[in-house]
Asks: 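A single structure is presented below for examination.
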Amino acid sequence: MGYRVFTEHLTFNIHLKFYLKTSRHLTKLSFFRNHIYILQRGIPVVSKNKKERYEAISTYLLKSEHNIVCLQEVWSEKDYLYLKENLKNVLPYSYYFYSGVLGSGLCVFSKWVIQDVFFHQWPLNGYIHKIHHGDWFGGKGVGLCRIKFGERLINVYCTHLHAEYHEDDMYLAHRVLQAYSTAEFVKLTSSPADVSILAGDLNTAPGDLSYKIISQLPSLLDPYNMKFEGTNPLIAKASGTSDNLNNSYSDPKQVKAYPEGKRIDHILFHTNHSWEARVVNFGNPLPDRVPEQQFSYSDHNAVSLELHLKPCEQKLNQRQESVDSAFQETITQAIKVCRDATTNLSKSKKLYLLSGGLIFMFLLGSVGFWPNFLIYDVLKLLITALCFYNLVMGSLWNQIEMNSLKAGLNALENFIQTRNDTKPEDINKEDVKNK
């Protein structure tokens, strides 16, 4: 019997194909991820080619054999219901993760029963006043669907980390703590599952700090770094998933700098100690354009993964505790990023409060001096709004962000401290001393 998963993020979609038999037989797992881009981050009305691409995605899924589908940036419930109705005969089970103002944008479709669901919303999700970015309004996080196939459990994690947007990357600390929170969530919830799969637009490339945290802490494997057979000729060699030269929605400036794009969309997996996994196919499965159209399925190229799973004869635990020197360095870097962020936040608090205070003093001192004209009334209203904005950002919002940063920083410091205190050599020395 077969099982597949597809996740899409309307800026990212994933398809996973999973074949499971009895514990004594070979198991085949195939996973597909495709990032489906909608202009302005999938917001209804302004999204470019949204209707046509939803139809193309639906048509593709109906013709494919995917058993599990994860979608991101499905901000409109209407769009989710459209897919749910169209796919009900092939993927009868589905779940949408409601969150924030617009919704998390995450949803999962499955051929098999979704036994358990849980959504973990990150405390740091961008800024409310950055309306053009929109991350805060989505209430982003990581969604878990535990799917039962026979006697086997499959954990499917669907997520979408904060985007970078600018070279100075003002959201670095947010994304780092989102990555750490996601990594801990996966590690703490994956133990009952036979296979755990994390798929999404992580907005981080291999070698980046956030990628290291997500892959190293829960010991997730990246099939890109593994040998595979490549038996499916329809799956192109894996390349950059964002701003790739072959994509119609890519930024020309980014394409000129990085023609092959950036690999920021990932399928990472882990099998428990009872299973061994072998990568069969991995790459980009979709054509460059929607059939008979001049645009792509998404601004991010699709990614697919096919695994062969078989019982592990030696019953060795493939997951190792992340206490090696490489991960220690990763956590140390994350701690530095968070400390720098708290320092900058303290400076911005003073700037906001100073600006708000000066504006308030100006408004207070100018009472009775404003001419009685409509234009001046509007001007006073705008200045008052600016004063209110600065005071709120320097007080309430600053404190919320500071507490979230401190919570993440304390968790990171606790992680590295407890790992250092419980090193195997230290435990052995203590045992010898007690004897």
Side-chain angles (χ1 to χ4, degrees), residues 41 99-105 119-142 159-185 203-204 208-210 213 331-366 379-417:
R41 306 189 65 74
S99 180
V101 179
L102 299 175
S104 68
F119 181 76
H120 171 61
Q121 182 177 341
W122 300 312
L124 285 174
N125 258 316
Y127 301 108
I128 188 174
H129 63 285
K130 297 289 184 178
I131 300 176
H132 56 300
H133 291 166
D135 292 75
W136 182 88
F137 295 91
K140 287 184 174 181
V142 53
T159 189
H160 179 204
L161 270 65
H162 204 297
E164 183 174 330
Y165 294 114
H166 303 293
E167 291 183 0
D168 58 355
D169 200 0
M170 62 185 297
Y171 298 111
L172 177 59
H174 288 216
R175 192 165 55 256
V176 165
L177 288 180
Q178 287 177 354
Y180 178 72
S181 182
T182 299
E184 281 281 42
F185 181 70
N203 277 307
T204 180
D208 291 348
L209 180 57
S210 298
I213 294 173
I331 293 297
T332 301
Q333 292 176 8
I335 290 175
K336 182 180 184 303
V337 168
C338 292
R339 287 176 177 170
D340 291 344
T342 56
T343 300
N344 293 333
L345 194 60
S346 297
K347 294 178 180 179
S348 65
K349 177 181 181 178
K350 296 178 181 178
L351 180 61
Y352 277 124
L353 292 179
L354 177 61
S355 300
L358 291 175
I359 296 174
F360 178 77
M361 292 175 62
F362 169 76
L363 290 172
L364 193 63
S366 62
L379 182 59
K380 282 191 294 182
L381 183 63
L382 293 175
I383 295 176
T384 302
L386 182 61
C387 175
F388 179 76
Y389 165 78
N390 278 276
L391 292 177
V392 170
M393 289 298 295
S395 56
L396 296 178
W397 188 268
N398 184 278
Q399 192 61 42
I400 292 173
E401 185 177 4
M402 180 64 78
N403 284 338
S404 297
L405 280 171
K406 287 182 177 179
L409 179 58
N410 286 344
L412 289 168
E413 290 175 339
N414 178 75
F415 180 92
I416 199 168
Q417 179 180 348

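Keep in mind the model is a prediction, meaning the values are calculated, not measured.
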Asks: Please answer whether the main-chain N or O of W122 pairs with a side-chain N or O of N125 as donor and acceptor at a distance below 3.5 Å.
Replies: yes
Asks: If we ignore hydrogens and angles and just use 3.5 Å, is the side chain of H120 paired with the main-chain N or O of V142 as donor and acceptor?
Replies: no
Asks: Measuring from atom OG1 of T332 to atom CG of L412, what distance do you get when rounded to the nearest 0.5 angstrom?
Replies: 9.5 Å
Asks: Measure the CG-CG distance between L124 and L405 for me, rounded to the nearest 0.5 Å.
Replies: 5.0 Å
Asks: Heavy-atom distance under 4.5 Å between the side chains of F415 and Y180, does that happen here?
Replies: yes
Asks: Kindly say whether G141 contributes a backbone atom to a donor-acceptor pair with the side chain of T159 at under 3.5 angstrom?
Replies: yes
Asks: Identify the residue among D208, D169, T204 that makes a side-chain hydrogen bond (donor to acceptor under 3.5 Å, both in side chains) with R175.
Replies: D169
Asks: Rounded to the nearest 0.5 Å, what separates atom CG in L409 from atom CD1 in I335?
Replies: 6.5 Å
Asks: Between the main-chain N or O of G139 and the side-chain N or O of S99, is there a donor-acceptor pair closer than 3.5 Å?
Replies: yes
Asks: List the steps and the verdict of ring pair (Phe, Tyr, Trp, His ring centres under 6.0 Å) for Y127 and H162.
Replies: CA-CA 11 Å; Y127 301 108; H162 204 297; 8.0 Å; no
Asks: Run the numbers on W136 and V101 for side-chain contact (heavy atoms from CB on, under 4.5 Å), then give the verdict.
Replies: CA-CA 8 Å; W136 182 88; V101 179; 4.1 Å; yes
Asks: With a 3.5 Å cut-off and no angle check, do the side chains of N203 and Y165 form a donor-acceptor pair?
Replies: no
Asks: Rounded to the nearest 0.5 Å, how far apart are CG of L161 and OG1 of T182?
Replies: 5.5 Å
Asks: Compare every heavy atom of I213 with every heavy atom of A334, then report the nearest pair and how far apart it is.
Replies: CB-CD1, 4.0 Å
Asks: Could you tell me whether the side chain of E401 and the main chain of L345 form a donor-acceptor pair under 3.5 Å?
Replies: no
Asks: So, do D135 and Y171 sit near enough that their side-chain heavy atoms are less than 4.5 Å apart?
Replies: no
Asks: Starting at CH2 of W397, measure out to OH of Y389 and round the result to the nearest 0.5 Å.
Replies: 10.0 Å
Asks: Any donor and acceptor pair, going by atom type alone, linking the side chain of T343 with main-chain N or O of R339 inside 3.5 Å?
Replies: yes
Asks: Quick one: are I383 and F362 in side-chain contact, heavy atoms under 4.5 Å?
Replies: yes
Asks: Can you give me the closest heavy-atom contact between L177 and S404, atom names plus distance?
Replies: CD1-O, 4.2 Å
Asks: Could you go step by step and tell me if V337 and L209 meet the side-chain contact (heavy atoms from CB on, under 4.5 Å) rule?
Replies: CA-CA 10 Å; V337 168; L209 180 57; 3.9 Å; yes
Asks: Kindly compute the distance separating OG1 (T342) from NZ (K347), expressed to the nearest 0.5 Å.
Replies: 10.5 Å
Asks: Decide yes or no for M393 and N398: does some side-chain heavy atom of the first lie under 4.5 Å from some side-chain heavy atom of the second?
Replies: no
Asks: For F119 versus K140, what's the shortest heavy-atom pair and its separation?
Replies: CZ-C, 3.9 Å
Asks: Please check if the side chain of N344 supplies one atom and the backbone of D340 the other of a donor-acceptor pair under 3.5 Å.
Replies: yes
Asks: Without swapping roles, check the side chain of S395 against the backbone of L391 for a donor-acceptor pair under 3.5 Å.
Replies: yes
Asks: Could you tell me which residues satisfy salt bridge (charged side-chain N to carboxylate O under 4.0 Å, His left out) with K380, sequence neighbours excluded, listed by chain and number?
Replies: D377
Asks: Can you name the nearest heavy-atom pair linking S210 to A179, along with the distance?
Replies: O-CB, 3.6 Å
